Amino acid sequence: MRELRAPKPEKLRVLLLAAASAGDLRVGQEQQRIRAAVQSATHRDLVELDLHSAATADVFLDALTRFRPHIVHFSGHSTQDLIAFEEGEDGFHESAIVSVGAFARAIAAVDDKPLLVLLNSCHSAAQTGKLIDTVPFAIGMSDTIGDVDAITYAARFYAAVADGQSVQAAHILSRAAIEMNGLRDRDLPTLTCAADVDPNAAKLVTPPPE
């Protein structure tokens with residue numbers, strides 16, 4: 001099995017990127033829910049969040065090299081092969097469309113590659129196959145997912161990770177959270193893994209020995 005970069009005696013760094021130039025998604029609420037979930041978790045002091053509520057491609061690239069995230073999380077619009085970032089100051093309420101190939105190549109270019117990419121956006125599960133050539137784990141949505149379902153999944157996922165659960169356990173718990181909240185899209189979040197990793201054994205947050 002592949003030897004993963006984390007955990008080390010360092011915080012788990014989570015890069016939270018949100019892009020909803022049309023204002024039709026609750027990306028700010030999602031980031032708040034994730035922050036609250038992590039702050040309430042057992043090992044909250046071992047997780048560091050870097051939040052960007054109107055992320056451009058340049059914000060993403062800068063964060064890859066400066067923040068060196070273990071997890072890259074994107075919330076916004078996507079298709080089976082495209083991701084919509086914000087265009088930036090010169091394009092108010094406009095999107096900058098990036099191919100999944102370009103997104104994956106940017107991640108592959110850095111020395112300290114992320115361990116997991118979570119695309120909390122519609123039809124993004126089709127993109128995960130290209131991502132696991134570089135990262136051990138990728139999560140995407142297999143169809144159009146409702147806002148509340150997506151937020152519920154994300155908040156529970158990071159709570160579980162920060163409680164010391166494995167990647168697989170966090171994923172399954174988060175799908176269960178969708179269902180237990182009376183929502184319909186529990187089957188849409190999809191975890192894809194590289195062939196040489198075990199999601200049941202991979203824990204992204206490990207407390208130091210007492």
Side-chain angles (χ1 to χ4, degrees), residues 1-17 43 46-47 60-61 63-65 67-76 78-83 98-145 149-150 153-154 156-179 185-207:
M1 289 292 177
R2 186 191 316 186
E3 183 177 347
L4 303 183
R5 173 162 69 100
K8 294 178 180 179
E10 61 178 347
K11 291 184 178 181
L12 178 76
R13 295 184 294 275
V14 182
L15 173 62
L16 297 175
L17 304 168
H43 306 304
L46 300 180
V47 180
F60 165 58
L61 293 173
L64 276 180
T65 55
F67 186 61
R68 296 178 295 114
H70 300 95
I71 298 178
V72 174
H73 177 109
F74 174 82
S75 304
S78 64
T79 66
Q80 293 183 350
D81 54 9
L82 298 172
I83 299 171
V98 173
S99 72
V100 64
F103 182 76
R105 283 188 288 275
I107 290 174
V110 297
D111 291 328
D112 292 328
K113 296 172 179 55
L115 298 170
L116 185 148
V117 174
L118 199 167
L119 299 176
N120 207 13
S121 53
C122 298
H123 303 286
S124 54
Q127 302 186 19
T128 58
K130 292 185 179 180
L131 292 167
I132 60 168
D133 290 337
T134 299
V135 300
F137 307 103
I139 297 172
M141 307 300 149
S142 61
D143 206 329
T144 301
I145 188 166
D149 303 66
Y153 177 87
R156 179 54 55 186
F157 182 83
Y158 290 108
V161 166
D163 279 334
Q165 296 293 307
S166 68
V167 171
Q168 178 77 353
H171 171 62
I172 294 173
L173 279 168
S174 304
R175 286 170 53 128
I178 294 175
E179 185 174 21
D185 292 342
R186 70 163 299 276
D187 293 329
L188 299 189
T190 303
L191 171 63
T192 303
C193 309
D196 57 350
V197 296
D198 180 2
N200 291 291
K203 294 185 178 184
L204 304 181
V205 170
T206 301

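Because only heavy atoms are used, hydrogens play no part in the values below, and waters and symmetry mates are left out as well, while side chains stay in. Along the sequence shown, the residues carry numbers beginning at 1. It should be emphasised that the depicted structure is a prediction, and the values quoted were computed from it without experimental measurement.
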Nearest non-hydrogen partners of Lys203 and Gly164, listed with the distance:
CD-O, 3.2 Å
Identify the heavy atoms of Ala154 and Asn120 that sit nearest to each other, and give their distance.
CB-ND2, 3.7 Å
Evaluate the side-chain proximity of Ile178 to Pro189: yes if any heavy-atom separation is below 4.5 Å, no if none is.
yes
Heavy-atom closest contact (Leu115 atom, Pro136 atom, distance):
O-CD, 3.1 Å
With no hydrogens and no angle check, is any side-chain donor or acceptor of Asp185 less than 3.5 Å from a backbone partner on Ile145?
no
Holding to side-chain hydrogen bond (donor to acceptor under 3.5 Å, both in side chains), I want the full list of residues that pass it with Gln168, two or more places apart in sequence or in another chain.
none
Among residues two or more places apart or on two chains, list those pairs meeting salt bridge (Lys or Arg N to Asp or Glu O under 4.0 Å) that have a residue in residues 162-176.
Arg175-Asp187
Within the distance-only criterion (no hydrogens, no angle test), does the side chain of Thr190 pair as donor or acceptor with the backbone N or O of Leu188 below 3.5 angstrom?
yes
Heavy-atom donor-acceptor pair, Ser78 side chain to Cys122 backbone, under 3.5 Å:
yes
Just by modelled atom types, is the Met141 backbone N or O under 3.5 Å from a matching donor or acceptor in the Ser124 side chain?
yes
Taking ring-ring contact (aromatic ring centres under 6.0 Å, His included) as the definition, give me every residue that meets it alongside Phe60, ordered by chain and number, with sequence neighbours left out.
Phe85, Phe103
Walk me through it: do Tyr158 and His73 pass the test ring-ring contact (aromatic ring centres under 6.0 Å, His included)?
CA-CA 11 Å; Tyr158 290 108; His73 177 109; 5.5 Å; yes
Shortest non-hydrogen contact from Val197 to Pro199?
O-CD, 3.8 Å
Rounded to the nearest 0.5 Å, what separation is found between the CG atom of Leu64 and the CG atom of Asp111?
11.5 Å
Name the one of Leu116, Asp198, Ile172, Val161 that satisfies side-chain contact (heavy atoms from CB on, under 4.5 Å) with Val167?
Leu116
At what distance, to the nearest 0.5 angstrom, does CG of Leu118 lie from CG of Leu15?
12.0 Å
Nearest atoms (heavy-atom pairs only) where Lys130 meets Val100:
CD-CG1, 3.6 Å
Is the side chain of His70 donor-acceptor paired with the backbone N or O of Arg13 at a distance under 3.5 Å, no angle test?
yes
From Phe137 CZ over to Thr192 OG1, what is the distance, rounded to the nearest 0.5 angstrom?
11.0 Å
Ser75 OG to Leu16 CG distance, which is reported to the nearest 0.5 Å
7.0 Å
Would you call Ile83 and Ser121 a side-chain contact if the rule is heavy atoms closer than 4.5 Å?
no
Kindly indicate whether the side chain of Tyr153, heavy atoms from C-beta on, has any atom under 4.5 Å from the side chain of His171.
yes
What are the two closest heavy atoms between Gln165 and Ala170, and how far apart are they?
CB-N, 4.4 Å
Within the structure provided, determine whether Leu119 and Gln127 are in side-chain contact (heavy-atom separation under 4.5 Å).
yes
Between Thr134 and Ala108, is there a donor-acceptor pair closer than 3.5 Å when you use the side chain of the first and the backbone of the second?
no
Value for CD1 (Ile139) from CG (Leu131), rounded to nearest 0.5 Å, stands at 11.5 Å
